[in-house]
Amino acid sequence: MKVTDYIQNSKQTLFSFEILPPLKGKSIQSIYDGIDPLMEFNPKFVNVTYHREEYLYKEQGNGLLEKVSIRKRPGTVGICAAIMNKYKVDAVPHLICGGFSKEETENALIDLQFLGIDNVLALRGDPIKTESTFKAHPNGHHYASELIHQVNDMNHGKYYVDDIKMAPTDFCIGAAGYPEKHFEAMNLKTDLIHLKEKVEAGASYIVTQMFFDNQKYFDFVKACRDFGINVPIIPGLKPIKTLNHITFLPKFFHIDYPEALSNELLKCKTNEAVAQVGIEWGITQSKELMAQKAPCIHYYTMSNSDAVKAIAKNIF
Ligand code: FAD
């Protein structure tokens, strides 16, 4: 079933979360171990992120360098199929532009349709570590809006590879939104222009980047509505878990902590203390979002569901 249908059919705020495919060498059980503790909260869908492999150059001993792929994670298609089969819940694969040609994207979409997957979250992806700016595949997409166009074309029977009308797909397409603006955007206004392009290209809902100040989400929703972006906007929340997160999350995700939260974090000396603050903050944020009738709250587990479970126990 489509994410938008779940939202439309529910009078209450829904619960959803996303998981990260494990690094190569781990088994599917490590994914189940992350999902099992959260199934009691009745998620309607589970997102599966996609991560490009990274490369390093290894000396071969003869003066030549060998390009070696590292940090490879299994692809999302098989993981989504396994999740849907085991839990009877909708899986939402993340599709990215980076590293993919249009033909490869089309082939992935054909596989997803074949498996009965109804939803995709369409993203550009970040630059890989060896690139200072995002570089599209020579025959790929530069922006998420172009990827969304491709999926939407398939939803209208227009495939990229075969220039003939084929059976249309019926994917519900989600896009990313940034309450604190995307880090490359000149300002919130230009980011909203491009967000609207994604909706006009066929995205029928938005999931936000994590934020720790609900007011930023409320302001973002209002700005979107004022700008004519009228699709559901699902807030994304991430519980802070470790001392390292205190600096890593703002740096990596380009978000700020509100002062009340940073005051609490400044008192923390251990990971356990940070995790406790993260859970309490997540509960407070979730309660307020629910009271304000957020369509769904989407939790970023980042491979660790304990804190999300502790929050969900108090909310759902
Ligand atoms: P876009 O919408 O393409 O925007 C990227 C930038 O380009 C923005 O600054 C935008 O304003 C600008 N822009 C857009 N269109 C144009 C245009 N036509 N002309 C000029 N500028 C333009 N990354 C992963 O690698 N894997 C994941 O699984 C993943 N999941 C995510 C899930 C969510 C909910 C979110 C919020 C992010 C996720 N990301 C993921 C990160 C995402 O890929 C990065 O934030 C990336 O830098 C931008 O992706 P986007 O889809 O928002 O890009």
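Whatever order the structure lists them in is the order used to number ligands and atoms, beginning at 1. FYI, side chains are in, hydrogens and waters are out, and symmetry mates aren't considered; it's all heavy atoms of this structure.
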Which atoms of ligand 1 have any heavy atom of A176 under 4.0 Å away? 35 (C), 36 (C), 52 (O)
Quick one: nearest non-hydrogen protein atom to atom 29 (C) of ligand 1, plus distance? L123 CD1, 3.5 Å
I need the nearest protein heavy-atom contact for atom 49 (O) of ligand 1: residue, atom name and distance, please. Y178 OH, 3.4 Å
Can you find an N or O of S145 that's nearer than 3.5 Å to an N or O of ligand 1? no
For F134 and ligand 1, answer yes if some heavy atom of the residue is under 4.0 Å from a ligand atom, otherwise no. no
Ligand 1 to A185, heavy atom cutoff 4.0 Å, flagged ligand atoms 9 (O), 11 (O)
Before signing off on this row, confirm whether D191 and ligand 1 have an N or O atom pair separated by under 3.5 Å. yes
What do the steps show when you test S16 against H298 for side-chain hydrogen bond (donor to acceptor under 3.5 Å, both in side chains), and what is the final call? CA-CA 5 Å; S16 71; H298 185 72; 2.7 Å; yes
Below 6.0 angstrom between ring centroids: does that apply to Y87 and F45? no
Ignoring hydrogens and geometry beyond distance, is a side-chain donor-acceptor pair present between Y299 and N47 at under 3.5 Å? no
Which heavy atom of the protein is the closest neighbour of atom 23 (N) of ligand 1, given with residue, atom name and distance? G125 CA, 4.1 Å
Using non-hydrogen atoms of the residue, decide whether E197 is closer than 4.0 angstrom to ligand 1. yes
Where ligand 1 meets E184 - atom numbers and elements under 4.0 angstrom, heavy-atom basis: 6 (C), 9 (O)
Distance filter under 4.0 Å to V207 heavy atoms, resulting ligand 1 atoms: 34 (C)
Passes side chain to side chain contact (heavy atoms under 4.5 Å, CB included), Q209 versus Y300? Steps please. CA-CA 9 Å; Q209 181 59 281; Y300 296 102; 4.3 Å; yes
Relative to the heavy atoms of T49, which atoms of ligand 1 are at a distance of less than 4.0 Å? 28 (O)
Does a side-chain N-to-carboxylate-O contact under 4.0 Å join D170 and K2? yes
Nearest neighbour in protein (non-hydrogen) for atom 47 (O) of ligand 1: D126 OD1, 2.6 Å
Electrostatic pair E146:K198 at N-O distance under 4.0 angstrom: no
Salt bridge K309-E40, side-chain N to carboxylate O under 4.0 Å: yes
Hey, would you say the F252 and H254 ring centroids sit under 6.0 Å apart? no
Here the atoms of ligand 1 under 4.0 Å from any heavy atom belonging to Y300 are 33 (C), 34 (C)
Please state which protein non-hydrogen atom is closest to atom 12 (C) of ligand 1 and give its distance, to 0.1 Å? H194 CD2, 3.9 Å
Among all protein heavy atoms in this structure, tell me which lies nearest to atom 53 (O) of ligand 1, with the distance rounded to 0.1 Å. R124 CB, 3.3 Å
Looking only at protein heavy atoms, identify the closest one to atom 9 (O) of ligand 1 and say how far it is in Å. H182 ND1, 2.7 Å
Pairs of nitrogen or oxygen atoms closer than 3.5 Å, one from H51 and one from ligand 1: do any exist? no
Check: F17 ring centre within less than 6.0 Å of F15 ring centre: yes
Whether K198 lies under 4.0 Å from ligand 1, heavy atom: yes
With a 4.0 Å cut-off on heavy atoms, is F253 touching ligand 1? no
Would you say that I31 contacts I19 through its side chain, given a criterion of any heavy-atom pair below 4.5 Å between the two side chains? yes
Show, in sequence, the C-alpha distance, side-chain angles and deciding distance for N271 and T242, and conclude whether the side-chain hydrogen bond (donor to acceptor under 3.5 Å, both in side chains) test is met. CA-CA 4 Å; N271 286 340; T242 61; 4.8 Å; no
Is there a donor-acceptor contact under 3.5 Å linking the side chains of E103 and N107? no
Does an N or O anywhere in F183 fall below 3.5 Å from an N or O of ligand 1? no
For atom 3 (O) of ligand 1, which protein heavy atom lies nearest, and how many Å away is it? A144 N, 2.9 Å
Under a 4.5 Å cut-off applied to non-hydrogen side-chain atoms, are L147 and L95 in contact? yes
Within the structure, does Y50 bring an N/O atom to less than 3.5 angstrom of an N/O atom in ligand 1? yes
Compute whether any side-chain donor of one residue and acceptor of the other, for D90 and Y6, lie under 3.5 angstrom apart. yes
